[in-house]
Amino acid sequence: MRPKARIPKFQRHDFKPISYAKKENTATSAYALSALSWLRKAEFLMSAPKLNLCVEDTGFEIAFAGRSNAGKSSAINCITDQNQLARASKRPGRTQMINFFSLGNPDQRLVDLPGYGYAAVPEEMKKVWQKELQNYLIERKSLTGLVLLMDVRHPLKDFDRMMLEWAKDRHLFVHILLTKADKLNRGPASAALLDVKKELKKMKLDFSIQLFSSLSKLGLEELAMVMAGRLNYVVDEDGKAINPMDNTLESQESSLLHPDTNIDAVRLEGINIDDIPEVGDEDLD
Ligand SMILES: Nc1nc2c(ncn2[C@@H]2O[C@H](COP(=O)(O)OP(=O)(O)OP(=O)(O)O)[C@@H](O)[C@H]2O)c(=O)[nH]1
Ligand SMILES: [Mg+2]
């Protein structure tokens, strides 16, 4: 009879428990958290129907651009953690003016733009908006870059491509959000992301891109970090904000509005939402 092989008994403590939790980069997370709490300071500054009525063209601003209904206003509400800050609606064409929000400092701003390319907006109105949008995009010196939003299910329509090409020519950064990612399962959403990345490469556009959902908050931290970084939001070693513009705040507050601006008139002026026909485009929801 062969002697039994002695099989060593493993003790519980011989094994290190395996952690399946996603490893976090603590420095990155701390910056994202700090950025998110800074973004919560967002306050409505004003709405301008045209370029010469906008807030003074100083400091830095990032504009949220994209087709009507892509989710621009919802994304602004999501990153600022304020439900009603920007007006979101099922009805495309909700945002009709250039809306400015300050981030604890009038020289660091978010801008909610009217959407482009919505076919059901009457021709006359479309022309007015697009002209003003164009003026803003071309002339605005403080415009540092764009967050370009596209529905993850309908990316890179003609207007989107035009915006991307144009931003490249103007040397603006673009951060692309593929929105409403909650409408797709993880696999198809990742595949859509990959497809758009490939297409951007073909177009020789080196822009950053991510999936995003205002509903599930997917991609929120990533977006917060991009926004904060681009708007020069800096933190010290303890994660405390160092705002390079703090010491000039007083002088900037007095020059917040353009000298010609009558804020009440600007808020009231605009196009009547009731004039806009109901949605008929199957792309939209
Ligand atoms: N499921 C889902 N719906 C979303 C998301 N973001 C926005 N929506 C919905 O899409 C619709 C349009 O959202 P808005 O934020 O108003 O879109 P917009 O781009 O600002 O539209 P305009 O102002 O017309 O240009 C609303 O019904 C939102 O509730 C999202 O992440 N997931
Ligand atoms: Mg809007």
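Whatever order the structure lists them in is the order used to number ligands and atoms, beginning at 1.
Between Met163 and Leu146 the shortest side-chain heavy-atom distance falls below 4.5 Å. Looking only at side-chain heavy atoms (C-beta outward), Leu164 and Leu148 come within less than 4.5 Å of each other. Counting only heavy atoms from C-beta outward, the side chains of Leu53 and Pro49 approach each other to under 4.5 Å. The shortest side-chain heavy-atom distance between Leu113 and Phe64 does not fall under the 4.5 Å cut-off. Side chains of Asn99 and Val111 form no contact here, defined as non-hydrogen atoms less than 4.5 Å apart. Side-chain contact check for Leu205 versus Val174: every heavy-atom pair is 4.5 Å or farther apart.
Atoms of ligand 1 lying under 4.0 Å from at least one heavy atom of Ser68, given by number and element, are 22 (P), 24 (O), 25 (O). Taking a cut-off of under 4.0 Å to the non-hydrogen atoms of Ser74, the atoms of ligand 1 that pass are 6 (N), 7 (C), 13 (O), 14 (P), 15 (O), 28 (C). Here is the list of ligand 1 atoms found below 4.0 Å of a heavy atom in Gly71: 7 (C), 13 (O), 14 (P), 15 (O), 17 (O), 18 (P), 19 (O). Interface of Ser73 with ligand 1, defined as ligand atoms under 4.0 Å from a residue heavy atom, comprises 15 (O), 20 (O). Ligand 1 places these atoms under 4.0 Å from at least one heavy atom of Lys183: 1 (N). Residue-ligand proximity, Ser214 to ligand 1, at heavy-atom distances under 4.0 Å covers atoms 6 (N), 30 (C), 31 (O).
With no hydrogens or angles considered, no side-chain donor-acceptor pair links Ser216 and Asp182 at under 3.5 Å.
Below 3.5 Å of separation, one finds an N or O of Gly115 facing an N or O of ligand 1. Among the atoms of Phe212, none of the N or O lies under 3.5 angstrom from an N or O of ligand 1. Not a single N or O atom of Leu113, backbone or side chain, sits closer than 3.5 Å to an N or O atom of ligand 1. Below 3.5 Å of separation, one finds no N or O of Arg87 facing any N or O of ligand 1. Residue Lys180 has at least one nitrogen or oxygen atom sitting less than 3.5 Å from a nitrogen or oxygen atom of ligand 1, judged on distance alone.
At a 4.0 Å cut-off, at least one heavy atom of Asn69 sits close enough to ligand 1 to count as contact.
Here Asp182 has side-chain heavy atoms under 4.0 Å from ligand 1, and that is the only part of it that gets that close.
The side chain to side chain donor-acceptor pair (under 3.5 Å) test applied to Thr179 returns no partner, not counting sequence neighbours.
Between Tyr136 and Phe100, the ring planes are perpendicular. Angles over 60° get that label, and only those under 30° would be called parallel.
At a cut-off of 2.8 Å, Ser73 is counted among the residues with an N, O or S atom near the Mg ion (ligand 2).
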